[in-house]
Amino acid sequence: MSYERKNIAQAHGYIPGEQPVDARVVKLNTNENPYPPCPGVAQALRSFPYESLRRYPAPTASGFCRQAAATHGVAMENIVAVNGGDELLRLAVTTFVEPGQPVGTVEPGYSLYPVLAELHATPVFSITRGADWAVPADLSERMNSAGVKLLFLVNPNAPTGTLTPVEELAKIAATFKGVLVIDEAYVDFVDPELKHDAVDLIRRFENVLLLRTMSKGYSLAGLRFGYGIASASLIGPMLKSKDSYNTDAISQALATAALAHRDQASESWRAVRAERARLGAELTKLGLRVWPSQTNFLLAGLKPSQGGGAGRVYESLKERHIFVRYFELEGLTDKLRITIGTPEQDDQLLSALKDLL
Ligand SMILES: *Cc1c(COP(=O)(O)O)cnc(C)c1O
């Protein structure tokens with residue numbers, strides 16, 4: 001006997017990257033930051049008043065929202081705090097999409113989006129990126145004619161690493177008729193010389209929702225904390241549909257400290273960018289095709305002649321306790337997504353690859 005709704009019974013569910021417990025594993029598969037959270041976060045954890053756990057936390061994480069508003073130069077009413085960026089994605093679907101109305105995705109993208117649509121009993125209309133993973137120029141037009149009410153765009157993109165510039169995003173926001181979710185999970189790793197800052201879009205366009213997470217840039221994937229930045233007309237309805245106490249007191253305190261000490265986290269961003277350049281060059285020397293990346297991972301293409309192809313190399317690396325990500329999805333079966341590790345971890349990967357190829 002099964003009791004669940006029909007669409008839940010049919011749903012496949014999200015397949016997370018493996019989280020091995022073996023400490024020997026060189027873990028380059030789920031885009032975690034290879035460096036620990038900053039000293040400011042450690043201090044906030046040590047001085048957290050444990051007696052205060054008796055009480056419920058601030059329902060909208062107002063202390064955090066004040067800090068986030070100051071960090072980004074927006075008002076508190078432009079921030080919603082969530083239990084990990086993934087909660088914001090779920091909130092966006094349940095708040096802005098009538099079940100049955102299509103959700104739009106640009107592929108390859110984040111594999112959670114179709115899963116959320118499935119749970120919401122809503123179809124997905126997807127468009128494939130063009131040459132070198134560029135967003136098609138007629139994206140809004142095609143989404144509008146398909147009746148899409150919520151469009152997800154990862155930027156910089158996962159798993160390709162591609163950055164779409166702000167002015168191109170503005171064109172999409174201006175022409176798309178629904179809510180445009182720009183998933184900025186990896187934005188902290190963008191080269192500062194590009195001066196990429198999409199926050200201004202929320203002032204120019206009422207329909208833009210930016211996703212930020214503490215998981216990647218701030219080395220806090222275990223904390224589960226993220227936030228949305230948008231016009232008050234998008235934030236208000238999401239505050240109504242979120243769980244009453246969706247973020248806990250400890251995560252609020254630590255996430256606030258992390259943002260307040262952003263300069264400390266940015267040291268790790270610099271290290272990751274330098275290592276991204278080095279690893280990319282080394283993989284290219286080994287004969288892999290590496291796409292330019294503005295994230296903390298690289299997408300690398302392999303020919304079948306190279307170690308039996310991407311799937312085989314993924315398995316062989318795993319046998320050597322080196323985990324990378326392999327997607328059995330259209331356009332990705334000949335590629336590996338490799339998280340930027342420490343120089344030592346990346347050297348282990350490179351020497352294993354030299355062996356295998
Ligand atoms: C990591 C990630 C998120 C959010 O992750 P959380 O850990 O839930 O904050 C959102 N989108 C993409 C594309 C990601 O890679």
Side-chain angles (χ1 to χ4, degrees), residues 13-19 27-34 37 41 61 64 68 79-94 103-117 119 124 126 129 133 135 150-164 169 180-190 198 209-230 238 242-243 246-248 251-252 254-255 258-259 265 268-269 272 276 293-299 324-325 327 329 332 337-340:
Y14 180 69
I15 306 166
E18 296 135 298
Q19 301 295 342
K27 197 173 173 310
L28 306 175
N29 65 335
T30 57
N31 298 342
E32 288 135 336
N33 194 317
V41 169
F64 173 84
I79 307 285
V80 57
V82 286
N83 182 17
D86 287 352
E87 189 198 7
L88 186 78
L89 300 171
R90 185 188 278 258
L91 269 180
V93 173
T94 51
V103 160
T105 67
V106 188
E107 302 297 338
Y110 187 23
S111 53
L112 180 66
Y113 304 147
V115 174
L116 292 174
L119 301 179
V124 178
S126 61
R129 285 177 177 255
W133 312 116
V135 173
L150 183 80
L151 169 57
F152 288 117
L153 187 66
V154 196
N155 196 53
N157 190 40
T160 65
T162 324
L163 181 75
T164 301
L169 298 172
L180 172 63
V181 179
I182 304 175
D183 182 336
E184 298 197 291
Y186 299 100
V187 78
D188 301 313
F189 301 103
V190 173
L209 170 60
L210 302 179
L211 176 149
R212 296 292 183 104
T213 174
M214 311 312 287
S215 295
K216 317 282 169 46
Y218 294 86
S219 312
L220 290 169
L223 191 69
R224 311 308 304 135
F225 203 95
Y227 57 105
I229 316 174
M238 286 193 287
K242 76 173 187 64
D243 286 346
N246 61 328
T247 63
D248 67 83
S251 72
Q252 288 181 20
L254 270 53
L259 266 200
S268 77
W269 308 342
V272 164
R276 176 172 76 199
S293 170
Q294 289 297 329
T295 62
N296 69 336
F297 56 82
L298 292 169
L299 188 68
V324 297
R325 195 77 187 265
F327 296 98
L329 295 172
L332 296 176
R337 192 196 67 188
I338 304 166
T339 305
I340 311 296

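Starting from 1, each residue takes its place in the sequence as its number. Read the numbers this way: they start at 1 and go in the same order the structure lists the ligands and their atoms. Quick caveat: nothing in here was measured; it's all calculated off a predicted structure.
- Using a distance-only test at 3.5 Å, with no hydrogens or angles considered, no donor-acceptor pair links the side chain of Arg337 to the main chain of Leu298.
- Protein residues with any heavy atom under 4.0 Å from ligand 1: Gly84, Gly85, Asp86, Tyr110, Val154, Asp183, Ala185, Tyr186, Thr213, Ser215, Lys216, Arg224.
- Aromatic ring pairs are classed by plane angle as parallel below 30°, tilted from 30° to 60° and perpendicular above 60°; the pair Phe189 and Tyr186 is tilted.
- Between Trp269 and Tyr218, the ring center distance clears the sub-6.0 Å criterion.
- For residues 216-225, no pair satisfies salt bridge (charged side-chain N to carboxylate O under 4.0 Å, His left out), with sequence neighbours left out.
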Exercise for review: With side chain to side chain contact (heavy atoms under 4.5 Å, CB included) as the test, would you mind laying out the steps for Leu153 and Asp183 before giving the verdict?
Suggested key: CA-CA 6 Å; Leu153 187 66; Asp183 182 336; over 6 Å; no
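- For the pair Thr164 and Arg129, the tightest heavy-atom approach, listed with the atom from each and the gap, is OG1-NH1, 4.3 Å.
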